[in-house]
Amino acid sequence: MQTDPGDTRLNHYFLEHSYQYLFNRSYVGELFSPAFFYPFKNILTFSDNLFGSAPIYFILRAFFSAELSYQLWMIVVCILCFFSFALLMRHYKVSHVLTVIGAFLFAFGMPRIAQITHQQLLPQFFTPLAFLFTWNFIKRPRNKPLAWALLFVYLQVLAGIYLGWFLIFTLIIFTSIVYLLDFDIRQRLIIYIKHNYKATILIAATWLLFMIALLITYIKVKETLGDRAYAEAENMLPRLASWFLPVPNSLWWPVFSGNFKELPVAYEHHMFLGFLVILLTALSVYSLLYRKNLFNHENTLLIKACLLVALTIFIITLRLPNGWSIWRIVYGVVPGASVIRGVTRIWTMFYFYILVAVTLCLNSLLHTIASKRLRMIVLSLLCIGCVLEQIVLTSPSFEKTKYIKEVTQIQTLMEKNCDIAYVTLKAEEPAWASQLSAMWAGIKANVPVVNGYSGNVPPKYGDNEHSMNTYQVINWLGEGRKGRLCIISQQSIQKDKLIAMDSVQKNTSSLGNWTSYQIQLPIAKTFLQEIRPYEIPKILKRDLSIKIPVIIKNTSNFIWVAKGKNRTNFSYRWLDSDGKFVVFDGDGDRTPLPFDLSPGESAAINAVIKTPTQPGKYSLILTMVQEFVAWFSDQQAQSPKFDLTITSDS
């Protein structure tokens, strides 16, 4: 299956999720909350939802396995892109051969092949239809083409958020350019609005309500996650070299592969569609300037507007060598632009406008060739040239059987009395591959999983590049969570030091190299402590390090380990007179445990405490902290608190 077990399986998961949501009554997921990163809600908004093209998958899924349905879905949506563009060209009475050439480049050109790993960029078949009705409305403003144009725009947003946003962005530019170029069209629009303003408002308001209903969940989650940093978008702004970077193993790859080394996130920069398109674009510009008599007024306006839109978005998105780009302004001003990370994906619209202009122009130029034989020679050469430039000898793929077997094993274990599951990651493969296997096992077993992989990570989730331990899983779920938690791993979880290990070992299941450890939730006393300092002076000097004898007792249900990434240390926090944390030199010095401390055991330590740098009234809180997991004082653990006065040196 193309191309790798990362985003390919992620996009497949989204399609399978919506299929299960509609056709499986017992499915645990919700429409915008598939059951990964459980129990965080609205996780689907971290990526594309693919709702607009999902019905194609549903039909295939009724007859085939999930994997085969997905492979066929990829093929079908590309074919629909071909036919959609062909329908647009035939509407403009373009010859059959030129229609096929334009549609072939639109649906199967190198940039789309390069992005086949991001399958959310494949279903662009609503774009030509949205453009067709937009142009019909511009030519002759009426209610029906306006309604159809907005419907197809909505469907394209539904099929792919990126594709839909770029479509809206460029249609606004296209419409603005047309109205600037043609006074009569402007006048017709003004007259239409004067006589149909009620219908116009109703159509626009209906479209807007549907858009809000679709995007409101995305907007709410964006408020939680915040905007993507501009630096992320900047890495994926097109450079000039991006437009000349072909797909590996294509005709021009040996010539231009050197561009690869200059580009960050290089796999996003394969934007080259071939020299034939460049030559035909130049020919179109020349014809507009010097062969105006070849075109009627409508075609002249349409070709000119399409070329100007392509030029505009080329300039807007281009990153200059000094780092400057107009996109910086778009990022800060245009709604939705701040969540567009892969700006290089503007090729999806850039080449659409180029191909519309080039195909229309060539159609007019071919009519000037009187000889039928010569016309056929020219068309044959065009076909051969297009095919040769787009051929990619090998396409990346992965062996799906390996992952199907792994998912089936994990799924079988999840189905044995698991209410929630977490699968530890395999060290020998990328984290995202293991996360996706866990997600797929979860959706097939209909069990929510703590694992997750998507365009973002939920707040406070932690590092999903490394396995969580039992502490972290339970902490993420919250102490109030009930049910049977299964930790599924290829290694023993005894290293997690769970005190209930004896009872856990009685509830294990194994299959292949995997073992499922069943833990009954809730586990009480996760973060409990008893801390008894010998004596805390009420007055201390500022910026002073002191040692205080402290007796600490582990009253939790977990062993406190003295070493390792998630070791437990003694620490402290200072609060000012307003009750706010005072942060200086970190959150307080750590005093390590002398040894692992089992539940019920105590230890004496000489705790190192550093006083604040500014004099005043403070409160000192003594607490244990499990590194990269939690402060015990934040988990409602009993934490001694002392009011002190910090004085100056004098």
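Atoms considered below: every heavy atom in the structure, side chains included; atoms not considered: hydrogens, waters and symmetry mates. Note that the structure is a prediction, hence the values are computed from the model and not measured. All residue numbers refer to positions in the sequence shown, counting from 1.
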Does some side-chain heavy atom of L214 sit less than 4.5 Å from a side-chain heavy atom of F210?
no

Supply the atom-to-atom distance I116 CD1 to S397 OG, rounded to the nearest 0.5 angstrom.
10.5 Å

Any side-chain heavy atom of S69 within less than 4.5 Å of one from F63?
no

Test of ring centre spacing under 6.0 Å for F174 and F131
yes

Parallel, tilted or perpendicular: which describes the rings of W252 and F272, with under 30° parallel and over 60° perpendicular?
perpendicular

Pair Y403 + F398: ring centers closer than 6.0 Å:
yes

Any salt bridge (Lys or Arg N to Asp or Glu O under 4.0 Å) pairs touching residues 298-319, not counting sequence neighbours?
K139-E298, E234-R319

Once you measure the plane-to-plane angle for Y192 and F137, does it fall in the parallel (<30°), tilted (30-60°) or perpendicular (>60°) bin?
perpendicular

Measure the acute angle between the ring planes of F352 and F85, then classify it against the limits of 30° and 60° as parallel, tilted or perpendicular.
perpendicular

Return yes when atom CZ of R140 has more than 12 non-hydrogen atoms of other residues, nucleotides or ligands closer than 6.0 Å, and no otherwise.
no

Ring centers of F32, F51 separated by less than 6.0 Å:
yes

So, taking the atom named CG in D48 and the one named CD in Q119, what distance separates them when rounded to the nearest 0.5 Å?
11.5 Å

Geometric class of the W148/F152 ring pair [parallel <30°, tilted 30-60°, perpendicular >60°]:
parallel

Please work out which of the three classes, parallel, tilted or perpendicular, describes the rings of F108 and F82, given edges at 30° and 60°.
tilted

Donor-acceptor under 3.5 Å (R90 side chain, L88 main chain):
no

L146 vs R142 side-chain heavy atoms within contact, under 4.5 Å
no

Is the charged tip of R112 near the ring of F106: under 6.0 Å from the six-membered ring centre and within 45° of its axis?
yes

Treating H91 as the side-chain partner and L132 as the backbone partner, does any N or O pair qualify as donor plus acceptor under 3.5 Å?
no

Fit a plane to each ring of W327 and F169, take the angle between them on a 0 to 90° scale, and name the class: parallel (under 30°), tilted (30 to 60°) or perpendicular (over 60°).
perpendicular

Any side-chain heavy atom of C386 sitting closer than 4.5 Å to one from L276?
yes

Ring-face cation of R345 near Y162 (centre distance under 6.0 Å, axis angle within 45°)
yes

Determine, using ring centers only, whether H269 and W243 are less than 6.0 Å apart.
no

Please report the C-alpha distance between F275 and F256 in whole Å, then the side-chain angles of each, then the deciding distance to 0.1 Å, and finally whether the ring pair (Phe, Tyr, Trp, His ring centres under 6.0 Å) criterion is met.
CA-CA 12 Å; F275 277 112; F256 293 105; 5.6 Å; yes

For Y179, look at atom OH and say whether over 12 heavy atoms of other residues, nucleotides or ligands are found less than 6.0 Å away.
yes

Sort and list the pairs that fulfil salt bridge (Lys or Arg N to Asp or Glu O under 4.0 Å) and have at least one residue in residues 326-339, not counting sequence neighbours.
none

